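Since we're looking at a predicted model, the values are computed, not measured. Numbers here simply count residues along the sequence, with the first being 1.
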Amino acid sequence: MTKVLFILSAVVILVASFFAYQNGREFADVRTKVAGINASITSQKSAQEKLLRPGSGEVPKLVADIARVQGDLDVEAEKLKAQKNKLAQTQEEITRAQEEFAVKEKKKQEQDALLKDLPQGMKPETMVEGIQKLKKEKLDFEAQAEIKKKEVAAEEDKVAGIQKRLDEVVHKIEDRRKNFERNSLSSRVIAVNYDWGFVIIDAGKMTGLTEQTKLIVTRGAQTVGKISIMTVDGKNSMAAIVPDAVVNGQVIMPGDRVILENLVQN
């Protein structure tokens, strides 16, 4: 039993020695790595402290480099923006040119269609000359039409003047006819109202009588009296007997002849 325990103790001691040796190597490696990391940190820290140390000139240099790079970036951004704007403008010009080309192409097709309908013998090369000739003929016709228009207007003025003089002559003739009819008036008394002192005669507006017309009543070759028109109708008139004009107390009677007191002068 003692021998077994001794053997076990030896084995344990060997195992413990092996692990101790193994752990010692790993610890040494870890310590070496930690020392390397600390040295690197220390170096970086020293470099940073050197950069941040006043008077070193590194920080302003970096700031200047950053500002220069930022300025370059801004310039390039502006250039890129300008190029984009120019590209958009160019695209718009291309679109507008395409639209104008489409319009001109359509117009060309329309003109080609019109050229097909040109009269025989007319060519595009002679169209301008033909159009100028047509314009000249048109102007000549318009000038002739204007001359004819003026001549017609002059003739119309002459006709209007002749018509005016003719109307004046007709009017004078009509006035003379009416005056003649009035001067040759020979009507009759058809009714007498002695109570109210008026008579009815068979003449009116149709024979040219007015309310201002003065009349004489005759019987045979003798004058009986005078009457003054009161109202005038188409064919008859009512006239008042002028009391002071009755001759020798005579009485106006139906059938007596009525004539104008004063003849109308033409």
Side-chain angles (χ1 to χ4, degrees), residues 74-187 202-213 229 231-237 260 262-266:
D74 293 339
V75 171
E76 293 299 326
E78 290 296 329
K79 290 181 179 180
L80 180 60
K81 183 178 179 181
Q83 290 296 329
K84 288 182 178 180
N85 293 334
K86 187 175 181 180
L87 178 61
Q89 184 178 0
T90 304
Q91 187 64 37
E92 291 178 357
E93 292 177 355
I94 292 173
T95 303
R96 183 166 58 253
Q98 290 175 345
E99 293 176 351
E100 292 177 354
F101 177 77
V103 172
K104 291 181 178 179
E105 183 65 22
K106 182 178 179 181
K107 188 173 182 180
K108 180 179 178 299
Q109 293 176 358
E110 294 175 353
Q111 291 177 349
D112 291 340
L114 292 174
L115 291 176
K116 293 180 180 179
D117 299 331
L118 287 176
Q120 187 175 2
M122 181 176 288
K123 298 180 181 179
E125 295 80 4
T126 60
M127 281 183 62
V128 176
E129 182 180 355
I131 291 173
Q132 294 296 333
K133 183 177 179 182
L134 291 175
K135 286 183 177 180
K136 184 177 182 304
E137 291 178 355
K138 179 176 178 290
L139 292 174
D140 292 340
F141 285 134
E142 289 179 351
Q144 293 177 6
E146 188 65 24
I147 293 173
K148 293 296 182 183
K149 184 178 179 181
K150 291 180 179 179
E151 291 177 355
V152 170
E155 293 298 327
E156 288 179 350
D157 292 339
K158 291 180 181 179
V159 171
I162 294 172
Q163 185 64 42
K164 182 178 179 181
R165 291 194 295 271
L166 180 61
D167 292 340
E168 292 175 353
V169 171
V170 171
H171 184 69
K172 289 180 179 180
I173 292 174
E174 183 65 19
D175 290 342
R176 289 182 179 182
R177 185 186 64 79
K178 290 181 179 179
N179 292 336
F180 179 77
E181 290 179 352
R182 288 184 62 192
N183 292 337
S184 61
L185 174 68
S186 180
S187 61
D202 59 355
K205 290 182 179 179
M206 295 182 65
T207 55
L209 294 183
T210 64
E211 294 180 355
Q212 288 75 33
T213 305
I229 298 295
T231 60
V232 181
D233 292 331
K235 294 182 179 181
N236 298 319
S237 299
L260 292 176
N262 298 315
L263 296 179
V264 178
Q265 300 296 324
N266 291 327

Using modelled atom types and a 3.5 Å cut-off, is there a donor and acceptor pairing between side-chain atoms of Ser187 and backbone atoms of Asp202? no
Grab the two heavy atoms, one from Val232 and one from Ser237, that are nearest each other, plus how far apart they are. CG1-OG, 3.6 Å
Can you see which heavy atom on Thr231 is nearest to which on Glu211, and at what distance? CA-OE2, 4.5 Å
Side chain to side chain donor-acceptor pair (under 3.5 Å) pairs, two or more places apart, involving residues 154-164: Gln163-Asp167
Can you give each donor-acceptor pair under 3.5 Å made by side-chain atoms of residues 140-151, sequence neighbours left out, with the distance rounded to 0.1 Å?
residue : atom : partner : partner atom : Å
Asp140  : OD2  : Lys136  : NZ           : 3.4
Glu142  : OE2  : Lys138  : NZ           : 2.4

Between Thr213 and Thr210, is there a side-chain heavy-atom distance shorter than 4.5 Å? yes
Could you give the side-chain donor-acceptor pairs of residues 86-100 under 3.5 Å, partners two or more places apart or in another chain?
residue : atom : partner : partner atom : Å
Thr90   : OG1  : Lys86   : O            : 2.7
Thr95   : OG1  : Gln91   : O            : 2.9

When rounded to the nearest 0.5 Å, the distance separating CG of Asn236 from OG1 of Thr207 is 9.5 Å
Measure the CD-CD distance between Glu105 and Glu110 for me, rounded to the nearest 0.5 Å. 11.0 Å
